[in-house]
S.K.: 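Pasting a structure below so you can have a look.
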Number of protein chains: 2
Amino acid sequence: MSRDATEPGRGLSRRGFLFGGAAAGAGAAVALGVDRALASEPRATLDATGLNGARTVDFHGAHQAGIATPIASHATYVALDLHGDTDRDALRRMMRVLSDDAARLMAGTGALADTEPELATVPAALTVTFGFGPEAVRRGGGDAAAPAWLGPLPAFDIDALEDRWSGGDVLLLVSADDAVTVAHAVRMLLKDSRSFASVRWRQDGFRRAYGSEVSGTTMRNLFGQVDGTTNPEPGTSAFDDVVWTSDPGWLAGGTSLVLRRIRLDLDVWDEVDPVARSFAVGRRISDGAPLTGTREADEPNFEATTAAGNTVISPVAHIARSRPVDPREVIFRRGYNYDVPPTGDAVSESGLLFASFQADVDAQFTPIQRRLAEGDLLNTWTTPIGSAVFAIPPGCQAGGYVGQTLLD
Amino acid sequence: MSRDATEPGRGLSRRGFLFGGAAAGAGAAVALGVDRALASEPRATLDATGLNGARTVDFHGAHQAGIATPIASHATYVALDLHGDTDRDALRRMMRVLSDDAARLMAGTGALADTEPELATVPAALTVTFGFGPEAVRRGGGDAAAPAWLGPLPAFDIDALEDRWSGGDVLLLVSADDAVTVAHAVRMLLKDSRSFASVRWRQDGFRRAYGSEVSGTTMRNLFGQVDGTTNPEPGTSAFDDVVWTSDPGWLAGGTSLVLRRIRLDLDVWDEVDPVARSFAVGRRISDGAPLTGTREADEPNFEATTAAGNTVISPVAHIARSRPVDPREVIFRRGYNYDVPPTGDAVSESGLLFASFQADVDAQFTPIQRRLAEGDLLNTWTTPIGSAVFAIPPGCQAGGYVGQTLLD
């Protein structure tokens with residue numbers, strides 16, 4: 001069913017290709033010019049019924065799913081603390097069971113001992129992605145196995161981090177285009193991890209529903225800001241270079257995840273007019289175009305000046321501070337909104353689950369974050385309240401499990 | 001765009017009609033045989049782009065939207081406590097502003113002073129429904145204006161109600177097929193209510209995503225139970241009789257909402273095998289068919305007996321206890337799942353936002369609830385932890401506002 005491709009109002013896009021073009025065959029894929037690097041990527045397929053919920057993503061592959069695969073509308077991040085007696089052997093058993101669960105759930109068939117198998121029949125492009133914090137890597141491979149960047153980020157002046165949103169030994173990232181699917185998968189995985197670990201925190205995020213907008217539209221966060229422009233494009237060599245670790249060790253084919261919970265002070269932001277908002281971002285709020293351009297995709301011109309001699313894009317605008325100084329400073333973002341019931345007199349409590357994947361946190365992420373912490377107009381309205389870094393192991397083949405390069 | 005009707009895998013259904021058939025004209029509607037009672041119902045329309053997010057529901061009509069209109073995948077219930085100085089005039093001002101906001105947001109155009117208008121462009125079948133608790137009705141119309149059933153339900157032995165999920169002066173029910181749309185609409189409405197009231201509680205619910213399943217599929221709750229069979233069908237006179245108040249006073253054309261937050265003890269439920277689960281419900285978990293039938297739609301036979309002489313459907317099975325004794329005991333259910341981060345050693349904290357609409361709580365809802373409280377096998381695994389009752393005023397015409405029959 002080449003559904004997306006035939007729907008009015010949908011542009012040609014990677015997402016349209018993955019979900020719609022597969023049935024059109026490899027010839028069509030080449031014609032679309034987006035077949036690069038997909039051989040080793042988990043793919044999404046559309047069931048002949050044409051229902052959104054029938055779409056599946058393969059669990060097995062060179063890389064884990066949920067990173068280069070199309071981003072889904074709902075994501076739940078869960079951090080686990082390993083029990084004291086969960087040693088290397090136990091960690092291996094846990095990852096074997098959880099990998100098996102994930103593969104079955106992603107196929108829409110229910111976990112092996114699924115207690116609500118009726119809820120597993122709507123995979124809705126479900127992906128499960130696993131990560132290891134410093135303690136899991138230490139238990140699995142000793143101190144030498146941990147990459148230098150695996151641990152808390154340096155402290156930044158802007159941070160107001162809370163323990164309840166930070167750290168963790170093992171990460172489960174579960175995402176799908178259906179909230180029931182996510183809830184069921186998270187519960188199955190946590191039931192099977194209960195003998196080995198306990199829940200440290202859970203963070204739920206959302207984006208536009210599948211099919212809500214034209215495919216490929218960049219997300220707007222709850223500030224109304226177009227958020228995710230200039231992201232590397234999955235399927236390109238630029239993306240592969242940014243994201244996948246080439247380290248010859250156990251993490252080869254893996255990556256790192258930085259997750260930051262960033263509170264948005266919407267009450268104060270709401271007092272700021274569109275011109276000032278656009279000035280703070282360096283892009284027009286209305287359409288995401290840089291202040292020196294006319295379309296979202298336009299390259300910002302940081303040298304262009306006004307008649308008064310100031311740069312059009314302020315040197316402390318968000319996009320001016322976040323642009324790479326060193327060409328290695330590129331990351332792949334995959335953010336979600338969060339919105340939880342407010343407390344006290346507030347009418348909302350919301351923000352961004354900022355998530356970025358990169359081969360090396362220290363070389364790619366931290367310099368950008370440091371510049372933003374030192375001076376970014378958006379800091380007026382944003383506060384990082386949670387922070388965690390995980391090593392994301394490579395994918396596995398059928399019969400294998402995620403983490404086996406560390407644990408076997 | 002008669003989209004739903006032409007999609008593979010979609011049967012003919014009211015939802016398909018509402019979203020797909022509008023453009024086909026009244027003649028087609030009659031041909032489909034589902035045109036009853038729709039003249040006064042808010043309708044959903046599909047934009048020519050064919051995107052899910054472009055669908056809109058009319059705010060204006062004889063009845064409020066969000067009751068008989070197709071149920072959306074996300075719903076947020078917010079209860080407000082009125083400030084001490086919010087008198088009848090202030091309440092009228094509040095309802096005027098909120099009604100205007102709701103009409104504009106549902107049309108996809110943003111509230112009048114929308115601070116993030118970019119987020120308002122994807123209505124995704126947004127509906128906003130308002131309700132009044134006892135205190136709002138008293139301030140609006142004096143003690144005599146309150147229906148006898150408006151107030152806390154009788155206490156039931158099974159209850160473990162918490163204040164933080166119970167009561168409230170004014171209800172906002174915001175639902176849409178896109179979580180971003182819901183978050184934005186809730187915030188806009190709460191900003192404009194801030195001078196008059198504060199947030200008492202907020203409860204977020206979800207069901208299958210739009211397009212995940214074949215249209216018209218009955219929801220499964222997180223027990224895996226098919227939940228909502230034998231609901232009256234919107235657009236029928238049976239539905240109208242059950243739901244809309246015929247009272248000649250200010251509530252004519254309105255209804256009542258009972259909202260119960262029911263915790264599911266999934267850990268214990270998971271120890272119960274499918275046979276015992278089906279026995280407790282009186283329906284097969286696998287497909288929702290009554291134990292005396294083969295399909296979900298089959299009428300249960302409560303007299304059928306086993307060879308041993310017991311009834312096939314236990315007299316304390318959920319469907320045996322909830323069936324009407326008096327023919328007036330029919331309600332219209334519109335439930336959602338909830339799933340919030342667990343605390344302590346638990347791996348999940350979830351349940352059901354049970355919601356029912358009925359013309360008269362005392363005559364229709366309470367007798368059923370009393371029987372369930374006295375003996376329902378499902379009580380083993382369920383605990384009501386929140387409860388609220390609201391009067392739902394009729395709809396309004398363009399230029400009017402919800403509540404004007406009480407407040408003008």
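Here is how names work: the chains are called A, B, and so on, in the same order as the sequence lines, proteins then strands, and each is numbered from 1. The structure displayed is predicted, hence computed values, not measured ones.
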S.K.: Could you tell me which portion of B:A113 (side chain, backbone, both or neither) has an atom closer than 4.5 angstrom to a non-hydrogen atom of chain A?
M.R.: neither

S.K.: Could you tell me which portion of B:L266 (side chain, backbone, both or neither) has an atom closer than 4.5 angstrom to a non-hydrogen atom of chain A?
M.R.: both

S.K.: Do B:R187 and A:D267 come within less than 4.5 Å of each other through their side chains, counting heavy atoms only?
M.R.: yes

S.K.: For the interface with chain B, which of A:V347, A:D339, A:D178 has the highest count of heavy-atom pairs at distances below 4.5 Å?
M.R.: A:D178

S.K.: Please name all residues satisfying salt bridge (Lys or Arg N to Asp or Glu O under 4.0 Å) with A:D265, sequence neighbours left out, ordered by chain then number.
M.R.: none

S.K.: What I'd like to find out is whether the side chain of A:E271 reaches to under 4.5 Å of the side chain of B:T115, using heavy atoms alone.
M.R.: no

S.K.: Which bit of B:N221 is near chain A, if near means a heavy-atom gap under 4.5 Å: side chain, backbone, both or neither?
M.R.: backbone

S.K.: Considering only heavy atoms, which portion of B:D204 lies under 4.5 Å from any heavy atom of chain A: side chain, backbone, both, or neither?
M.R.: side chain

S.K.: Using non-hydrogen atoms only, which part of B:R277 is less than 4.5 Å away from chain A: side chain, backbone, both, or neither?
M.R.: side chain

S.K.: Check this for me: A:D273, atom CG, are more than 12 non-hydrogen atoms of other residues, nucleotides or ligands nearer than 6.0 Å?
M.R.: yes

S.K.: Is chain B contacted by the side chain of A:A176, its backbone, both, or neither, given a heavy-atom distance below 4.5 Å?
M.R.: neither

S.K.: Considering heavy atoms only, which positions within residues 192-202 of chain A lie below 4.5 Å of chain B?
M.R.: A:R194, A:V199, A:R202

S.K.: How far apart are the closest heavy atoms of A:L51 and B:S212, and which atoms are they?
M.R.: CB-O, 3.7 Å

S.K.: Any idea which of A:V272, A:D287, A:L190, A:V78 has the most non-hydrogen atom pairs under 4.5 angstrom with chain B?
M.R.: A:L190

S.K.: Examine whether an atom of A:T181 lies under 4.5 Å from a heavy atom of chain B, and if so say whether it belongs to the side chain, the backbone or both; otherwise answer neither.
M.R.: both

S.K.: Name the option with the most non-hydrogen atom pairs under 4.5 Å to chain A; the candidates are B:S286, B:G224, B:G344.
M.R.: B:G224

